[in-house]
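To start, the structure itself, in structure tokens.
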Amino acid sequence: MLVLAGAGTGKTRVLTTRIAHILSLGRARAGEILAVTFTNKAAREMKTRIGSMVGEVVEGMPWLGTFHSIGAKILRRHAELVGLKPAFTILDTDDQIRLLKQLIAAENIDEKRWPARLLANQIDHWKNRGLTPDQVSAGEGAAFANGRGRDLYAAYQERLKTLNAADFGDLLLETIRLFREHPEVLRQYQTRFRYILVDEYQDTNVAQYLWLRLLAQRSSHGTAPAVAPGTDRPSPPGGEGRTVPAERSRTTSGLEQKNICCVGDDDQSIYGWRGAEVDNILRFDHDFPGATVIRLERNYRSTAHILGAASHLIAHNEGRLGKTLRSEGAEGDKVVVSSAWDSEEEARAVGEEIEQLQRRGQRLDEVAILVRASFQMREFEDRFVTLGLPYRVIGGPRFYERAEIRDAMAYLRLVAQPADDLAFERIVNVPKRGLGDATLQALHDLARARGVPLSEAARLMAATDALKPKPRAALRDVVAAFDRWRAQRDTLPHTELAEIVLDESGYTEMWQKDRSADAAGRLENLKELVRSMEEFENLQGFLEHVALVMDTDRGEETEAVSIMTLHAAKGLEFDTVFLPGWEEGLLPHQRSLDENGRAGLEEERRLAHVGLTRARKLARISFVSNRRIHGSWTSSLPSRFLDELPEEHVHVEEAKGGFGGGLSGYGHAYGGRFDTTAAFGSGYGTPGWRRGQRRRGGFDEDQSEYTQEWEPEGRMRDAAGGADRRAGDGRDRTSWGSSGRADAGAGGPRGGTPLAPLAAPSSPGGAARRGPLTIEGELVARSTGDPSAFAVGDRIFHQKFGYGRIRVVDGNKLTIQFDKAGEKKVVDSFVKKA
DNA sequence: ATCCTGTTAATTTTT
DNA sequence: TTAACAGGAT
């Protein structure tokens, strides 16, 4: 069965209820159901939801998990059959790249011309498509480093085996190999899993598809590997040449499938760039003949206007199964489209809007800002920091990806597995022990000559006098330390062991001595790491967890606005959603367009669709005329997706300042399908972006003038505060509003108007005054009771900007010269004394 | 071996 | 703009 579940139609509910149903009817026991998701988060959520439905009976659901965790589980049981030992290490991207770097260097290839990163992507790509080195076509294998791509892939796989390691792709690929080469093992799992359920099927890649299909076949007669290697080889690259339909159905149609239920939404397939094959879902009924397809089209989440806009937008895609979402809720507000001069103004407008919503009782948890690319986040963060508006960035650098955590993990890994060369290399000289490249090179040579791991080579070398006294002593200490820790492994609880390791290695000390901005945070993270170990029985279990589950869900307690990428937002929902940056080149991202043409455009459109459908009540789209990309200013055009929004569900907000014209005329940019000129009103002034474009030459100067001129005044008014404030605010707002409208009415001939006078009052003035009002409100209350805990000249620490010295104290607002981040204005609650 | 400085190349991201 | 990284200086 394929359940095509549109956004907000209750996809997860279908899966959990189905499982609960199967369990409660006794059709299968918990251990006989295979349920796979993509993320740990989704798996966790399903577990709890099933648990609450069925009660204690569930007791685990041992086979509910991510593709990778289940793959790892199976692989560990039969590791020897694929040339691994059960305790194999799971490498992450970082390890992978370091390994590849070595291989590339060993081949005498210029790593600058052929970066390891590129090769890693290429190998991932192959693995996503289920290709082992010998299955990579010669043409494609030549893609990297003048035809050595395939050889490097093969060498990499070989190296993994000697390191007793597997990368993420291997967790699937090696399992597939295991199943094919050992039918009896496959049969064992086919028999065990009576029901198979798959979440987010539109995100599966070829390898995952093959993996599922093997498991989904009925094991009845002890047939040879149901799928002969090679016959089902995915089509060669090049997009159009997809697997021939006949070939796929030939391999499957004759076989009996058992109960497999996939849930997904082709309109939310946004991971094509990492190997997801929308075709898997588009061709489901070919692959699994006789399958029932059910469409869920009733949306319980968004208002009619939001849904109408989203549906109309996504209807422009051609490669889709087609669903018509119906709203169950009220009509609600139209989707708002607005424009801004640049991203700074955009952030300011969003901040302002959020403060207004907050005043009307909107919980900040229910507000999200969804951006296309993470560099957009910065502007919002900066703005929110000055506003004192609590925010939270979702999906930033993950806990286990931080350098200090990875270092600590390397120590622990090396204690657990002396053969872990990658871990050894990572930490021999961290903290600095005077063991540099030369020493490491000598160790490598010895290790290769004797065929032993690096840690063993270190032991040998420390015993000889091949090294100078200093490095020799250092090396001997390291070897002795690891011997000591390994001896303690069985007697001490693993958390205690971790503390000892971090302590005796000098690692904690290294950060304690470090006076840089984030040292304190890093130490905190290390503590958190040890704390999180408590949940695990032993070191081994903990290491497995970290390798697979790269996130910690430390529940954030405070109510805050969420900032995240559109990708990270999939599966979430909020009352209010801000969608900034709908510009050509950013929302249909240029790179996506360049690299994948129309398919890329459609994926970008799905991304826009995902963004819109995250909103329950209010969706606000915005775009800017000027954006700073890689340091230089670039003018931008409104996104073509704006043209594709239906007039009846959208409200175009006139810009508050003199740049209202930004909207007009964008319908022409692409000769839009329907007449947006009419839809969004013609006769606005010259589009701001056009003016910007014309003036681009001198723009940088204008820009700096503009900030210099207005920044001080904003500050002055803030300081003035008091009685004047409210009046000033009201006056300004009306006057800007009317001036904007007047301009709009006047129509075209605004080209001659000087830039700066228009730019300045339109945003920095208005926002700077209105924005901090609420804060100042707090300030009055707070600063009377608790007169400035900070004084000019104090050394302080800020979570984001690091250490700094206070320059100016203005109530609860501090102007701080940060060591690294430069001068910033920050609300005092965000800093503490250093 | 480590520190400093100029060059370079910049989506999306889970496991 | 900026952060990472490689190569040269110390």
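All chains are named by letter (A, B, ...) in the order of the sequence lines, taking the proteins before the strands, and each is independently numbered beginning at 1.
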query: What does nucleotides 6-13 of chain B look like as a protein-contact string, B for base, S for sugar-phosphate only, - for none, at under 4.0 angstrom between heavy atoms?
result: ----BBBB

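By the neighbour-count criterion of 12 heavy atoms within 6.0 Å, atom CZ of A/Arg77 is densely surrounded, having more than that number from other residues, nucleotides or ligands.
Applying the salt bridge (Lys or Arg N to Asp or Glu O under 4.0 Å) definition to pairs two or more places apart or across chains, those involving residues 424-437 of chain A are A/Asp94-A/Arg426, A/Asp407-A/Arg426.
Across the protein-nucleic acid pair, A/Ile97 atom CD1 and C/dA4 atom P stand 14 Å apart, rounded to whole Å. Straight-line distance from the CG atom of A/Leu467 to the C1' atom of B/dA1: 14 Å, rounded to whole Å. To the nearest angstrom, P of B/dT15 lies 14 Å from CD of A/Glu544. Rounded to a whole Å, the CD atom of A/Glu200 is 12 Å from the P atom of B/dT15. Look at CD on A/Glu379: it is 12 Å from C1' on C/dT1, rounded to the nearest Å. Distance, A/Asp382 CG to C/dT2 C1': 14 Å, rounded to whole Å. Going from atom NE2 of A/His545 over to atom P of B/dT15 covers 11 Å, rounded to whole Å. For the pair A/Phe38 CZ and B/dT15 P, the interatomic distance rounds to 11 Å; values are reported in whole Å.
Ring-plane geometry between A/Phe536 and A/Phe542 is classed as perpendicular, the angle between the planes exceeding 60 degrees on a 0 to 90 degree scale with a lower cut at 30.
Taking only distance into account, the side chain of A/Thr93 meets the base of B/dT15 through a donor-acceptor pair shorter than 3.5 Å.
Salt-bridge check for A/Arg383 with A/Glu379: failed, with every basic side-chain N at 4.0 Å or more from each acidic carboxylate O. A salt bridge is absent between A/Asp594 and A/Arg591; no separation between the charged side-chain nitrogens and carboxylate oxygens falls under 4.0 Å.
Scanning all heavy atoms of the two residues, the minimum distance from A/Ala410 to A/Ala423 falls at O-CB, 3.5 Å.
Base orientation of B/dT12: anti (glycosidic angle beyond 90° from 0).
The stretch residues 424-439 of chain A comes close to DNA chain B through A/Asn429, A/Lys432, A/Gly434, A/Leu435, A/Gly436, A/Asp437, A/Ala438, A/Thr439, each having a heavy atom under 4.0 Å from the strand.
Counted by atom type alone, A/Asp92 and A/Tyr400 present zero donor-acceptor pairs between their side chains at under 3.5 Å.
Taking the six-membered ring for Trp, A/Tyr391 and A/Phe380 have ring centres at least 6.0 Å apart. When ring centroids are compared, A/Trp273 and A/His567 come within the 6.0 Å threshold.
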